[in-house]
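Below you'll find the structure, written out as structure tokens, and then a few comments.
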Protein chains: 2
Amino acid sequence: MSLRSALLALISAGPMTGYDAAKRFAGSVGNVWYAFDSQIYPELRKMETEGLLVTRPVPWGTKGTTKTEYEVTPEGRAALTDWVSTPLTYALERDPVRLRTAYLEWTDAETARQHFEDHIAHHQAAAEQAYEQIRELTDRTHPTLQRRLENYPEAEAEQMIEFKLMAYRGVCARAEAEISWARECLATLRG
Amino acid sequence: MSLRSALLALISAGPMTGYDAAKRFAGSVGNVWYAFDSQIYPELRKMETEGLLVTRPVPWGTKGTTKTEYEVTPEGRAALTDWVSTPLTYALERDPVRLRTAYLEWTDAETARQHFEDHIAHHQAAAEQAYEQIRELTDRTHPTLQRRLENYPEAEAEQMIEFKLMAYRGVCARAEAEISWARECLATLRG
DNA sequence: CCAGTCATGTAAGATGTTACATGATTCC
DNA sequence: GGAATCATGTAACATCTTACATGACTGG
């Protein structure tokens, strides 16, 4: 159900095509929730039939072609409120890195070292992307934010920014915890 | 493929029934990789047909009933080594908590506060379970470890303990990072 | 006119989740 | 004798992932 919620949240900023949504899932929102294009289009159509979204054909180009823009309905807004208000059922743990770490005796020290280096590199990249999002939010150049600033009053927009900052700070915190854990593991390996 | 690897790793400690495996996935290993019973039994049979495991009927009870014990074959051990040695492709981010946090403007402050409290409670429980595993490993009372100590020489066993400690320390580190993040969010909420 | 982006999909397969189902054994 | 545990599944569904497919438009 989270893909659906992510789409509602995203489109709540203003009307958007499936393509627009897909780009955001590959970019900013993708730091928090990634979705494949092949999932997005069918889900949007399903959400339309369920009344959470409405479509509007928008002329595109010169040859009378159109693209389909989706917009959140009042029912969609209700579903969004509902999702944000309902406690999550936390997913059962499924962590390949920790699983593999527990069985590193099945490989050699050099490979183990390399795994932790990779882990650090991966989370450094993740942290950097999150920091970039934080920068864009702080200096108001964030693209989706721009849409929101047009559609919502100033005070509410400030609130929104605060929550998005919280989310990305969480991504950073997570990444940094992973990095220091991996560094400690490297130290233990050498020790 | 991780379920398969988790099963190989688990059974590498010594022969085990599907039921035994399921219990461990619900207990110690479950802190790192959870699997449903309904997934385990079919996967074990599949792994047997692929030559990674062999079965042995073991008498059980008085009425001539048997249970099926699985054991890792040399091919299974090769597959395990291979999995532990191969770099992971990191899964694309999919974090419901962060996603929801980014859109908390769709609910009220009290609900938001409650969400962060829940987050703290969830990760405190996770951390405690991981600490318990660390204790059991440190004082050598860990059940799967017992099996390994019987089947492997002392020096190797010490190595194994070290890697399992690393894994559970990672779980703790993660949980603690989540807790302090949530606390910061609570502080921000209070303004 | 060609490369890159915009726009929209289908199909097959892997994996994860929920719900249901059954019977033996052991321990109190 | 009854509850808890041991033991083993099946079926339906949801979700995620990979691979493939097509055509219009825009800017250099």
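Residue numbers start from 1 in every chain, and the chains themselves are labelled A, B, ... in the order their sequence lines are given, proteins ahead of strands.
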Item to check | Phosphate-side-chain proximity, B/Thr68 and D/dT8, N/O vs OP1/OP2 below 4.0 Å | outcome: yes
Terminal axes of the helix from C/dC1-D/dG28 to C/dC28-D/dG1 (5 end pairs apiece), angle rounded to 10 degrees, sit apart by 30°
Out of C/dT25, D/dA24, C/dT8, minimum distance to the side chain of A/Thr65 belongs to D/dA24
Connected to A/Tyr19, directly or through other members, by ILVMFWY side-chain contacts below 4.5 Å are A/Tyr41
DNA chain D nearest-nucleotide lookup for B/Ala91 and B/Pro42: closer to the 5′ end is B/Pro42
Review point. Are A/His115 and A/His119 an aromatic pair by the rule of ring centers under 6.0 Å?
Key: no
Among the nucleotides C/dT8, D/dT15, D/dT8, whichever has the atom closest to the side chain of B/Lys67 is D/dT8
note: A/Ile40, atom CD1; D/dC16, atom C1'; distance rounded to Å ~ 13 Å
Got a salt bridge between A/Arg4 and A/Glu48, using NZ or NE/NH1/NH2 to carboxylate O under 4.0 Å? no
* Donor/acceptor link under 3.5 angstrom from B/Ser38 side chain onto base of C/dT18 -> yes
To the nearest angstrom, the CG-C1' distance between B/Leu92 and D/dT17 comes to 10 Å
side-chain hydrogen bond (donor to acceptor under 3.5 Å, both in side chains) pairs touching residues 129-139 of chain B, sequence neighbours excluded, are B/Asn31-B/Gln129, B/Tyr131-B/Glu176, B/Glu132-B/Arg135, B/Gln133-B/His142, B/Asp139-B/Thr141
B/Tyr19 OH to D/dA4 C1', in whole Å, measures 9 Å
Exercise for review: Decide yes or no for A/Phe116 and A/Leu104: does some side-chain heavy atom of the first lie under 4.5 Å from some side-chain heavy atom of the second?
Suggested key: yes
So, are A/Arg113 and A/Glu110 salt-bridged, with charged N and O less than 4.0 Å apart? yes
B/Lys23 NZ to D/dA7 P, in whole Å, measures 10 Å
Exercise. For B/Ala167, does its backbone N or O pair with a side-chain atom of A/Trp181 as donor and acceptor, under 3.5 Å?
Worked result: no
B/Glu48 atom CD is separated from D/dT8 atom P, nearest whole Å, by 12 Å
Between OH of B/Tyr41 and C1' of C/dG16 the distance, given in whole Å, is 18 Å
With a non-hydrogen cut-off below 4.0 angstrom, is A/Arg45 in contact with a base, only sugar-phosphate, or nothing? sugar-phosphate
Atom CE of A/Met16 and atom P of C/dA7 are separated, to the nearest Å, by 12 Å
message: If you compare every side-chain N and O of A/Arg94 against the phosphate oxygens of C/dT17 (OP1, OP2), does one of them come in below 4.0 Å?
response: yes
Taken to the nearest whole Å, CD/A/Glu50 to C1'/D/dA14 is 13 Å
Regarding the side chain of B/Trp60, the nearest nucleotide among D/dT15, C/dT18, C/dG23 is C/dG23
